[in-house]
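Presented below is the structure to which this report refers.
Any value given below was found using the heavy atoms of this structure, including those in side chains, with hydrogens, waters and symmetry copies removed. Throughout, a chain's letter reflects where its sequence line sits, starting with A, and its residues are numbered from 1.
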Amino acid sequence: MQEKKTFYITTPIYYPSAQLHIGNTYTTVAADTMARFKKMTGYDTYFLTGTDEHGQKIERRAQAAGKDPQVFVDKIVEDTKKLWKLMDVEYDVFMRTTQPDHIQAIQRIFKRMLDQDDIYKSTYEGQYCASCEAFWTETQLNEGGTCPDCGKVTELVQEESYFFRMSKYQDWLIQYIEDHPEFIQPPSRANEMLQNFLRPGLQDLCVSRTTFSWGVPVDFDPKHVVYVWIDALFNYVTALGYMSEEDTLLKRYWPAQVQLVGKDIVRFHTIYWPIMLHALGLPLPKQVFAHGWLLFGNDKMSKSKGNVVYPPPIVARYGADALRYYLMREMPFGADGNYTNRALLNRINSDLANDLGNLVRRTLAMIEKYFDGVIPQPGIYEEVDIALREKALALPAAFEREMDALQFSQALQEVWRLVSESNRYIDLTQPWVLGRDDAGKERLKTVLYVLAEAIRFIGVLIYPVMPTTSKRIHQQLGITQDAHTTWDSLQAFGALPAGVAIQPGEALFPRVDVEKELAELEADKGKEKPQSDPVPVKKEPAKAQIAFDDFEKISLKVARVLSCEHLVGSDKLLKFRLSLGQEERTVLSGIAKYHDPATLVGRKVILLTNLAPRKIRGVMSEGMLLSAENPDGSLHLLFADDDVVEGAEIG
RNA sequence: CGCGGGGUAGAGCAGUUCGGUAGCUCGUCGGGCUCAUAACCCGGAGGUCGAGGGUUCAAGUCCCUCCCCCGCAACCA
């Protein structure tokens with residue numbers, strides 16, 4: 001049996017000191033897209049993501065929260081996994097540096113480095129801020145030598161530390177980078193490393209700490225813990241069983257084909273990491289790809305600026321696929337990009353709703369209309385048909401070329417060329433004219449088949465980026481066999497089975513009202529508490545099922561607000577005078593904080609009319625107004641359409 | 001001279017490796033079509049390609065000088 005080619009891809013392991021945001025999501029979705037693509041094209045694929053859970057910052061955060069560090073990170077890890085699930089990220093392994101097997105492997109690695117004299121014990125000297133318990137370099141300090149974090153005066157402190165002999169390997173690495181231009185991508189990053197760090201000369205790297213204890217203990221010198229460089233970077237191989245008894249995965253997948261990193265951690269992944277791998281006799285990853293950052297508008301995302309974007313509210317509104325598409329399409333991978341809600345919404349409307357969604361819908365609608373929803377058997381291909389067919393057949397190669405270069409945006413652009421061409425094809429062939437007579441209908445069979453087949457191609461190609469939409473498209477085309485949705489099925493134009501009933505469903509991507517959505521997203525953000533659960537859904541135990549008879553006991557009616565005012569002596573209550581047509585009632589409602597009474601007069605509201613009357617603050621309230629409660633506790637009155645007559649029964 | 005990235009139509013970007021009529025998306029204006037999610041298709045307007053100088057038959061693209069913006073200090077992608 002022939003061995004499949006392997007493809008190992010990693011994201012950085014994230015630091016779980018706070019909720020992950022859209023930047024982390026960007027990297028991870030990119031890795032997922034790549035992994036799905038490689039899997040689809042026949043590679044034996046392995047995809048790693050995870051969390052780097054040690055270090056002083058987490059130790060302090062946990063302390064501040066009054067929690068054990070492990071408990072603290074467990075919670076964030078749980079949220080992180082939920083986020084990946086929400087984003088349809090299918091990793092093969094979620095690596096955590098607090099796993100026992102990792103800890104043991106790190107201890108062995110540390111010992112081995114010491115034994116072969118790559119690590120030595122010495123003292124670390126630096127400016128230390130006692131308040132922050134952190135070392136700073138001279139250049140990091142404020143003018144006057146104060147701590148950049150808290151502004152207090154720092155002191156020169158010595159700490160016993162283990163050091164890795166980076167300098168020993170620097171010439172080897174310079175040579176390696178020069179000999180392997182593909183190793184660091186984009187190439188400008190390689191320049192940066194060579195100019196700034198490698199050529200000026202590397203300093204030996206401090207690889208242990210004694211100032212905190214939340215880390216992998218150095219087993220032969222227990223007052224030290226292994227510092228992040230070794231602890232975190234080596235996860236990429238300990239996850240495969242390096243330094244354990246079971247290392248078949250390591251043999252199978254290492255070296256990685258691609259390691260994705262943000263531009264801020266390029267140095268660690270292209271200098272320290274390769275040197276340490278080399279020192280241990282391991283091969284280097286084929287490529288370290290540094291992508292840019294997602295900026296908000298032109299600003300850095302920053303909690304203090306209040307512009308950090310979190311995916312869950314976006315996914316809740318538009319679905320994971322829309323966000324995945326935007327992230328992969330909007331900016332070239334490698335350069336910085338801007339995230340704006342407006343750009344996202346515009347992409348959803350133009351690319352997804354207008355171009356793709358509408359193409360699918362209009363095609364299916366015509367198959368429905370002219371052939372009773374059954375995909376027709378094509379006849380002889382004419383010139384226009386052949387032109388579209390050739391474009392479709394040429395697509396996979398172009399797509400693969402761009403994907404292999406991690407140019408997701410370009411790859412999608414290629415697919416959208418076929419989307420456009422297909423829309424154009426409809427204009428050229430004018431199916432609605434063909435449908436008018438029998439002669440035209442023969443020709444129409446071919447036209448609609450060609451269209452449906454082009455859509456099948458599109459469905460297959462978008463799978464890595466939009467897995468759900470891909471499936472929906474194929475479902476709507478009535479495809480039931482997986483063989484018709486594989487990469488190999490794109491070798492021939494015509495795999496779509498004729499004579500099968502299509503299954504038209506909901507619009508793939510409904511158009512959105514940009515201005516309205518922008519306002520609502522903005523409102524969502526105000527209510528959202530970034531430190532809280534990323535899925536801002538209050539989980540209350542579901543109420544027990546009721547019988548219809550139970551519902552029948554309730555009388556809901558539409559009422560018109562005749563007057564509304566603050567109830568004197570209460571800051572919560574509004575006093576309503578309501579008309580139900582035949583009768584009028586007085587009702588109190590505890591929504592004064594969220595509604596201005598003046599704006600409510602004349603509105604149609606929903607009243608629970610048969611609730612037992614109750615005296616509140618001396619006023620008899622005859623019923624209850626329905627309102628909705630947001631997760632933040634705010635209350636919003638529910639309104640009925642103006643067309644509804646007052647007194648109308650609701651049921 | 002610290003290092004890197006960038007300055008191209010109203011907006012967002014590609015094109016610069018290996019000089020040869022300035023391109024894409026959105027927006028805008030006009031037309032077409034009516035199968036479709038007011039969607040789709042065609043066409044137009046709109047740019048001294050940051051400034052100046054140089055090389056060349058020819059420069060957004062090569063060379064020199066200068067100006068401006070952004071990162072390298074993070075919420076660490």
Side-chain angles (χ1 to χ4, degrees), chain A residues 11-15 17-31 52 57 136-137 139-142 148-149 186-197 199-200 260-268 290-295 298-305 307-308 329-332 334-338 340 342-343 346-347 349-370 409-410 413 416-417 419-435 444 447-448 451 506-512 530-531:
Chain A
T11 71
I13 51 172
Y14 305 111
Y15 201 65
S17 62
Q19 296 301 333
L20 267 56
H21 50 79
I22 201 161
N24 314 291
T25 305
Y26 177 53
T27 318
T28 310
V29 165
D52 161 27
K57 190 162 167 181
W136 303 101
T137 65
T139 52
Q140 284 175 314
L141 295 180
N142 294 329
D149 223 23
S188 58
R189 297 294 166 200
N191 275 338
E192 205 172 355
M193 292 305 122
L194 288 168
Q195 297 279 27
N196 279 319
F197 303 106
R199 293 207 175 103
L260 296 182
V261 297
K263 66 178 184 182
D264 54 322
I265 50 172
V266 173
R267 187 166 103 229
F268 316 138
H291 65 257
W293 277 340
L294 214 47
L295 310 173
N298 279 316
D299 265 352
K300 269 175 16 176
M301 282 194 194
S302 140
K303 252 179 217 160
S304 55
K305 286 178 189 157
N307 64 0
V308 181
R329 175 66 185 85
E330 186 69 8
M331 43 256 162
D336 283 353
N338 289 328
T340 65
R342 187 179 289 278
N346 284 339
R347 284 277 176 206
N349 273 347
S350 60
D351 295 6
L352 299 181
N354 295 356
D355 291 346
L356 176 61
N358 186 44
L359 170 67
V360 172
R361 157 125 335 163
R362 64 201 300 216
T363 301
L364 296 184
M366 288 190 282
I367 292 174
E368 188 87 346
K369 180 170 176 182
Y370 297 119
S409 181
Q410 298 286 326
Q413 214 171 337
W416 253 254
R417 263 194 253 282
V419 173
S420 277
E421 277 303 322
S422 302
N423 274 317
R424 201 170 111 82
Y425 174 84
I426 296 180
D427 249 57
L428 294 172
T429 53
Q430 298 185 292
W432 55 92
V433 174
L434 295 173
L444 186 56
V447 167
L448 290 183
L451 266 176
E506 298 281 296
L508 256 25
F509 296 95
R511 276 182 67 82
V512 296
Q531 294 294 352

Within this structure, what is the [atom1]-to-[atom2] distance between [X] and [N], rounded to whole angstrom?
X       : N       : atom1 : atom2 : answer
Q430(A) : rC42(B) : CD    : C1'   : 13 Å
N349(A) : rA11(B) : CG    : P     : 22 Å
E506(A) : rU37(B) : CD    : P     : 12 Å
L508(A) : rU37(B) : CG    : C1'   : 11 Å
I265(A) : rA73(B) : CD1   : C1'   : 17 Å
Q413(A) : rC26(B) : CD    : P     : 11 Å
I426(A) : rU37(B) : CD1   : P     : 12 Å
R342(A) : rG10(B) : CZ    : P     : 18 Å

Using the [atom1] atom as the reference point in each nucleotide, state the distance between [N] and [M] in Å, no decimals.
N       : M       : atom1 : answer
rG30(B) : rC67(B) : P     : 46 Å
rC62(B) : rC49(B) : P     : 15 Å
rC64(B) : rU17(B) : P     : 15 Å
rG4(B)  : rU65(B) : P     : 15 Å
rA51(B) : rA9(B)  : P     : 11 Å
rA77(B) : rC18(B) : P     : 36 Å
rG60(B) : rG23(B) : C1'   : 12 Å
rG50(B) : rA45(B) : P     : 23 Å

Does [X] put a side-chain nitrogen or oxygen below 4.0 Å from OP1 or OP2 of [N]?
X       : N       : value
R424(A) : rC42(B) : yes
K57(A)  : rC76(B) : yes
R511(A) : rA39(B) : yes
N191(A) : rC3(B)  : no
S17(A)  : rC76(B) : yes

If you only use heavy atoms from C-beta on, which nucleotide in [options] is closest to the side chain of [X]?
X       : options                   : value
S350(A) : rG4(B), rC35(B), rC26(B)  : rC26(B)
R362(A) : rC41(B), rA77(B), rC35(B) : rC35(B)
R189(A) : rG4(B), rU25(B), rC26(B)  : rG4(B)
M366(A) : rU37(B), rC76(B), rC35(B) : rC35(B)

Task: Among T28(A), D52(A), N24(A), side-chain hydrogen bond (donor to acceptor under 3.5 Å, both in side chains) partner for Y14(A) - done: T28(A)
Task: Intermediate values then yes/no, side chain to side chain contact (heavy atoms under 4.5 Å, CB included), L356(A) and D351(A) - done: CA-CA 6 Å; L356(A) 176 61; D351(A) 295 6; over 6 Å; no
- [ ] Measure the CG-OG1 distance between L20(A) and T25(A) for me, rounded to the nearest 0.5 Å.
- [x] 6.5 Å
- [ ] Would you give the length of the straight line joining atom CG of L359(A) to atom CD of E421(A), rounded to the nearest 0.5 angstrom?
- [x] 11.5 Å
Considering every strand shown, what is the Watson-Crick or G-U wobble mate of [N] when both distances are under 3.5 Å?
N       : value
rU16(B) : none
rG52(B) : rC64(B)
rA22(B) : none
rC3(B)  : rG71(B)

Task: Residue mapping more 5' on RNA chain B - nearest nucleotide basis, Q410(A) or R329(A) - done: Q410(A)
Task: Closest-nucleotide 5' rank along RNA chain B - winner of D427(A) and R267(A) - done: D427(A)
When we call it a touch if two heavy atoms are under 4.0 Å apart, what does [X] touch: a base, just sugar-phosphate, or nothing?
X       : answer
D355(A) : sugar-phosphate
P510(A) : base
F509(A) : base
Y15(A)  : sugar-phosphate
N423(A) : sugar-phosphate

TODO: Of all the heavy-atom pairs spanning S422(A) and L451(A), show the shortest one and how long it is.
DONE: O-CD2, 3.8 Å
Task: rA39(B) base / N358(A) side chain donor-acceptor hit below 3.5 Å - done: no
